[in-house]
Amino acid sequence: MPGADKKLIMNEKAEVFFSDHEEKIEEDFENPYFRPEIDRGALRKILLESLQPTTVVWNSHFISMEKENEGWLLHFKNSPSVYADIVIACDGANSKIRPYITDIKPFYSGITMLEGNIYDAEKKAPNIHKLLSGGKIMAFGNNKDILMGQKANREIGFYASFKADERWATNNGLNYNDKTEMLNWFRTSYPEWSHIWDELFENTTVPFIPRPIYCMPLDQHWKALSNLTMLGDAAHVMPPFAGEGVNMAMLDALELSDCLTSEKYTNLLEAISAYETTMRKRASVIAKESLDNGELMHSENALENMLSLFSNHSTLDKT
Ligand SMILES: Cc1cc2nc3c(=O)[nH]c(=O)nc-3n(C[C@H](O)[C@H](O)[C@H](O)COP(=O)(O)OP(=O)(O)OC[C@H]3O[C@@H](n4cnc5c(N)ncnc54)[C@H](O)[C@@H]3O)c2cc1C
């Protein structure tokens, strides 16, 4: 989505403190601060279309598995059991397979994000749509944030992001299907924020989705197995404040496939062990960055923090 990486940094009154909308952003994939955007749906389509049509067996809800011979017998809710020589868990943050590898659990980051999506945003939320101008907005005020971005099909996705108790999502008594109630919550919880932002809450396609943000311990370790491993959020869920979750998951998949097909390793245990050692080390550095960014973005000086971060991260073509 060319242009979707352009950003505005604002305060709670929607005053702009940083904009790269007028600048030419250098498209340089070697530059670590070049942040090209892709919509989830488009990426999913590209990945699926790169596979043989029968590779993905849809509607297979994994329930449990047990050891059988050298491999595993997997049981599903709605389809017959299947034997596999090797299982690669990529079933996300609440992985049902991860416990077969380790007991280590994610910890709550202290931050909850409340997600809303607005379809046909140009018509439904014209003022926000104009402000966003096809890019991203990060707004900071009084320890709270609003983060949003242009998505495909004229959709806007946004998050109200704030520090909250781990059980906030279930204990707050809010009806996530009731836009008026959610707008009232916003007005009460973000009292200093301009009415410009109300348009988001008035036009969200309900339900709103609360997302308590979790992270795997940075020093996690487990004993490698010869017939079972994991990748992506199943292995290292982390807060989204470095925007690296999908990059990490894809790099895991690439590195794991390299290890499994490399002649460097004499057996599967060695190959999986090498993959996991590198993966844990890499993911832990990025998870730390994500946690640190989360703190910076939800602190009293969030606006100043982010202005200083982005002035150091420029990809603008100065030539
Ligand atoms: C609020 C928020 C915002 C984010 N923003 C960004 C961002 O801007 N950029 C970014 O890179 N990352 C972002 N992330 C992180 C990103 O979403 C994840 O890192 C990424 O989706 C991980 O991919 P995955 O394939 O490991 O897991 P998932 O994308 O969670 O995929 C897991 C898959 O497993 C399936 N599954 C689960 N359980 C079972 C079961 N029992 N049986 C069968 N299938 C099952 C699920 O249906 C799903 O298809 C964000 C995360 C959150 C919470």
Side-chain angles (χ1 to χ4, degrees), residues 1 4-5 7 32 34-48 51 55-65 72 74-79 81-82 84 87-101 106 108-117 135-138 145-152 155-162 164 168-169 208-216 229-256 279 282-283 286-287 289-291 293-294 297-298:
M1 294 182 69
D5 52 333
K7 63 197 124 343
F34 175 50
R35 311 288 299 172
E37 287 287 327
I38 186 164
D39 210 56
R40 273 176 203 268
L43 177 61
R44 183 174 181 271
K45 188 163 178 284
I46 292 170
L47 293 172
L48 281 172
L51 301 171
T55 304
V56 177
V57 181
W58 294 107
N59 201 20
S60 306
H61 188 139
F62 172 86
I63 300 289
S64 64
M65 63 188 194
W72 296 92
L74 290 87
H75 303 295
F76 299 94
K77 197 184 208 168
N78 34 18
S79 47
S81 299
V82 173
V87 173
I88 300 168
C90 43
D91 52 345
N94 300 313
S95 173
K96 292 272 185 313
I97 302 179
R98 182 180 162 95
Y100 293 86
I101 300 175
Y108 178 57
S109 70
I111 295 166
T112 290
M113 300 175 85
L114 182 66
E115 178 178 347
N117 289 290
K136 290 175 179 305
I137 290 177
M138 292 185 264
D145 307 349
I146 287 186
L147 311 167
M148 72 176 98
Q150 182 69 50
K151 294 165 95 175
E155 193 184 333
I156 287 177
F158 76 92
Y159 300 97
S161 186
F162 46 91
W168 179 88
F208 286 81
I209 309 161
R211 298 195 183 277
I213 300 299
Y214 285 86
C215 188
M216 286 300 173
T229 186
M230 54 186 168
L231 58 79
D233 277 12
H236 47 59
V237 65
M238 61 182 75
F241 304 114
E244 291 283 1
V246 175
N247 286 343
M248 288 295 107
M250 290 197 299
L251 196 50
D252 290 350
L254 179 66
E255 289 181 0
L256 176 58
M279 174 269 283
R282 166 170 51 73
I286 302 296
E289 190 184 323
S290 306
L291 286 166
N293 284 355
M297 290 168 73
H298 296 82

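Whatever order the structure lists ligands and atoms in, that order sets their numbers, starting from 1.
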To the nearest 0.1 Å, how far is [atom] from its closest protein heavy atom, and which atom is that?
atom                    : result
atom 51 (C) of ligand 1 : P240 CB, 4.0 Å
atom 3 (C) of ligand 1  : Y159 OH, 3.4 Å
atom 7 (C) of ligand 1  : G243 CA, 4.4 Å
atom 37 (C) of ligand 1 : D91 O, 3.3 Å
atom 33 (C) of ligand 1 : C90 O, 3.8 Å

Contact bool for [atom] (protein heavy atom, d < 4.0 Å):
atom                    : answer
atom 22 (C) of ligand 1 : yes
atom 29 (O) of ligand 1 : no
atom 46 (C) of ligand 1 : no
atom 49 (O) of ligand 1 : no

Nearest neighbour of [atom] from the list [options], on a heavy-atom basis:
atom                    : options               : value
atom 27 (O) of ligand 1 : A235, G92, A234, A89  : G92
atom 12 (N) of ligand 1 : V246, L147, D252, I38 : V246
atom 15 (C) of ligand 1 : S290, A253, G245      : G245
atom 24 (P) of ligand 1 : L114, D233, I97, I213 : D233

message: Please confirm whether S60 approaches ligand 1 to less than 4.0 Å, judged on its heavy atoms.
response: yes
Notebook entry, point to check: Could a heavy atom of M248 be found less than 4.0 Å from some atom of ligand 1?
Noted result: no
Is it the case that more than 12 heavy atoms not belonging to N247 sit under 6.0 Å from its CG atom?
yes
Polar atom proximity, F62 to ligand 1 (N or O, under 3.5 Å)
yes
* Can you check whether N247 has an N/O within less than 3.5 Å of an N/O in ligand 1? -> no
For M248 and I286 the tightest heavy-atom approach is CE-CG1, 3.7 Å
F158 and N117 have their tightest heavy-atom pair at CE2-N, 4.3 Å
key: Exam field: side chain S161 to backbone D145, donor-acceptor pair closer than 3.5 Å   = no
The reported gap from CE in M230 to CG in L256 (rounded to nearest 0.5 angstrom) is 12.0 Å
Value for NE2 (H236) from CD (E244), rounded to nearest 0.5 Å, stands at 11.0 Å
Contact region, H61 to ligand 1, non-hydrogen atoms below 4.0 Å, reads both
Counting heavy atoms under 4.0 Å, the part of R40 that contacts ligand 1 is side chain
